[in-house]
Asker: 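Once you've had a glance at the structure underneath, I'll fire off some questions.
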Amino acid sequence: CAWEVPSDENAVLYLWATAPKLNDAHWVMEAWGFAYKTNLVWDKVRIGMGYWFRGQHELLLVGFKGKFSPPSASLRVGSVISIPRSKHSRKPTEIRDLIAGWYPNERKLELFAREKAAGFDSWGNEVNSDVDLGGQGSLEASNEWPSEKAADRAETEPNVPLDELGFPKAITGFCEQSHDEVPVCV
């Protein structure tokens, strides 16, 4: 997940995470050179599946690197947004619309996009990508997932200098792993 993607040294990351994968999402954020700041809760309104609890929400983690201002006070929203879920893994377009409204003049990239969105560059295997990551991000790139190598992480992955990783100024993404697939950072 430590990709080198063209970006500004001052950037914000919006990263989707499910509750069971929250530690992995924080690891991805750090590996990409972003510091966690806060999160938004997407209440999906309908109860889904789960092991300990039947999930009804996802988290949108917010991280930044360098200097990047939050949305102006007049545009900020509450930390919980209730929007009924639709298709499996589809995120609400309202969130993308918020990000576009907060940063109308910044370049934005959606990683592992499933559809094109106005105002966003897109990268993923379900769209004609607008950016070339130089072969990075292959879905078959690794069978290792952060939680599987947590014990030796301190030795194998020292702090990644912020200037070696990068993204456009506003990014959305999602991290997930199914039990029968190679883990994917999306």
Side-chain angles (χ1 to χ4, degrees), residues 1-3 5 12-32 34-64 76-102 108-117 120 122-129 133 136-153 157 167 170-186:
C1 290
W3 294 344
V5 179
V12 64
L13 171 69
Y14 292 92
L15 180 70
W16 287 106
T18 59
K21 298 297 180 185
L22 186 55
N23 286 338
D24 293 332
H26 279 281
W27 183 90
V28 167
M29 183 176 282
E30 181 182 319
W32 287 353
F34 289 85
Y36 172 79
K37 188 67 173 172
T38 189
N39 70 72
L40 174 139
V41 175
W42 167 32
D43 170 15
K44 298 179 179 184
V45 181
R46 293 185 291 259
I47 294 174
M49 304 300 286
Y51 293 102
W52 291 89
F53 300 103
R54 293 184 60 200
Q56 185 175 332
H57 73 283
E58 283 190 38
L59 300 170
L60 182 61
L61 307 182
V62 180
F64 70 94
R76 293 180 196 161
V77 298
S79 62
V80 177
I81 294 182
S82 296
I83 301 170
R85 65 178 166 87
S86 59
K87 291 175 60 179
H88 172 71
S89 197
R90 183 176 296 273
K91 306 303 178 255
T93 58
E94 292 88 342
I95 301 297
R96 192 186 297 126
D97 295 342
L98 283 172
I99 294 169
W102 292 333
K108 295 169 279 298
L109 170 64
E110 183 165 3
L111 295 174
F112 289 81
R114 295 187 171 195
E115 60 191 16
K116 295 279 194 169
F120 286 77
S122 300
W123 182 88
N125 65 355
E126 295 184 26
V127 296
N128 289 326
S129 298
L133 297 182
Q136 299 180 99
S138 168
L139 300 183
E140 293 81 28
S142 172
N143 286 326
E144 294 183 22
W145 191 242
S147 59
E148 294 175 358
K149 55 184 180 176
D152 60 29
R153 183 170 164 221
E157 298 183 32
F167 296 87
I171 302 172
T172 60
F174 177 63
C175 246
E176 70 177 332
Q177 176 184 20
S178 74
H179 297 288
D180 59 347
E181 297 176 353
V182 173
V184 178
C185 293
V186 297

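Computed from a predicted structure; not experimentally measured.
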Asker: Are any of the side-chain heavy atoms of L61 and Y36 separated by less than 4.5 Å?
Answerer: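 Of all side-chain heavy-atom pairs linking Y36 with L61, at least one is under 4.5 Å.
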Asker: Can you measure from CZ (R85) to CG (D43) and round to the nearest 0.5 angstrom?
Answerer: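 Going from the CZ atom of R85 to the CG atom of D43 covers 11.0 Å.
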Asker: Which distance, rounded to the nearest 0.5 Å, do you find between the NE2 of H57 and the CG of L40?
Answerer: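 It is 11.0 Å, given to the nearest 0.5 Å.
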Asker: Okay, side chain of K116, backbone of N128: is any donor-acceptor separation there less than 3.5 Å?
Answerer: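 Yes, K116 side chain to N128 backbone: donor-acceptor pair under 3.5 Å.
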Asker: Hey, are the side chains of F64 and L13 touching, using non-hydrogen atoms and a 4.5 Å cut-off?
Answerer: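 No, too far: nothing below the 4.5 Å cut-off.
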Asker: Under 4.5 Å between any side-chain heavy atoms of R96 and E110, yes or no?
Answerer: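 Counting from C-beta outward, R96 and E110 do come under 4.5 Å.
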Asker: Return the set of residues passing salt bridge (charged side-chain N to carboxylate O under 4.0 Å, His left out) with E94 (not counting sequence neighbours), or none when no residue passes.
Answerer: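 Residues passing salt bridge (charged side-chain N to carboxylate O under 4.0 Å, His left out) with E94: none at all.
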Asker: Measuring from atom CG of L60 to atom OG of S79, what distance do you get when rounded to the nearest 0.5 angstrom?
Answerer: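 Spacing of CG (L60) from OG (S79) equals 11.5 Å.
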Asker: S129 and W123: which non-hydrogen atoms are nearest, and at how many Å?
Answerer: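 So the minimum-distance heavy-atom pair works out to OG-CA, 3.5 Å.
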Asker: Residues in salt bridge (charged side-chain N to carboxylate O under 4.0 Å, His left out) with K37, at least two apart?
Answerer: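 Checked K37 against salt bridge (charged side-chain N to carboxylate O under 4.0 Å, His left out); zero matches.
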Asker: How about W102 and V77: do any of their side-chain heavy atoms sit closer than 4.5 Å?
Answerer: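 The answer is yes, as the side chains (C-beta and beyond) meet within the 4.5 Å cut-off.
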Asker: Residues two or more places apart in sequence or in another chain: which of them pass salt bridge (charged side-chain N to carboxylate O under 4.0 Å, His left out) with R90?
Answerer: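 If we apply the salt bridge (charged side-chain N to carboxylate O under 4.0 Å, His left out) test to R90, skipping adjacent residues, the hits are E115.
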Asker: Any Lys/Arg nitrogen of K91 or E58 sitting under 4.0 Å from an Asp/Glu carboxylate oxygen of the other?
Answerer: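 Salt bridge flag = yes for E58 with K91.
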Asker: Report yes if the side chains of I99 and K108 come closer than 4.5 Å at any heavy-atom pair, otherwise no.
Answerer: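 Yes, close enough: below the 4.5 Å cut-off.
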Asker: Main chain of P92, side chain of W42: is a donor-acceptor contact present, judged purely on distance under 3.5 Å?
Answerer: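 Between the backbone of P92 and the side chain of W42 there is no qualifying donor-acceptor contact (under 3.5 Å).
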Asker: Any chance you could measure L111, atom CG, to S122, atom OG, to the nearest 0.5 Å?
Answerer: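 L111 atom CG to S122 atom OG measures 9.5 Å (nearest 0.5 Å).
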Asker: Output yes when a side-chain donor or acceptor of R54 lies under 3.5 Å from a complementary backbone atom of M49, and no otherwise.
Answerer: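 Here the side-chain-to-backbone pair does not exist.
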Asker: Could you check if a side-chain atom of R114 sits within less than 4.5 angstrom of a side-chain atom of V127, using non-hydrogen atoms only?
Answerer: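 In short, these two side chains do not touch, never coming nearer than 4.5 Å.
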Asker: Can you name the nearest heavy-atom pair linking A25 to A17, along with the distance?
Answerer: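 Result for this residue pair: CB-CB, 3.5 Å.
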Asker: Measure the spacing between CG of L15 and CG of N39 and express it to the nearest 0.5 Å.
Answerer: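 Reported value, rounded in 0.5 Å steps: 11.0 Å.
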Asker: Would you check if R46 and P84 make a side-chain contact, meaning some heavy-atom pair closer than 4.5 Å?
Answerer: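 A side-chain contact under 4.5 Å exists here.
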Asker: Quick check: do L59 and W16 have side-chain heavy atoms less than 4.5 Å from each other?
Answerer: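 Side-chain contact under 4.5 Å: no.
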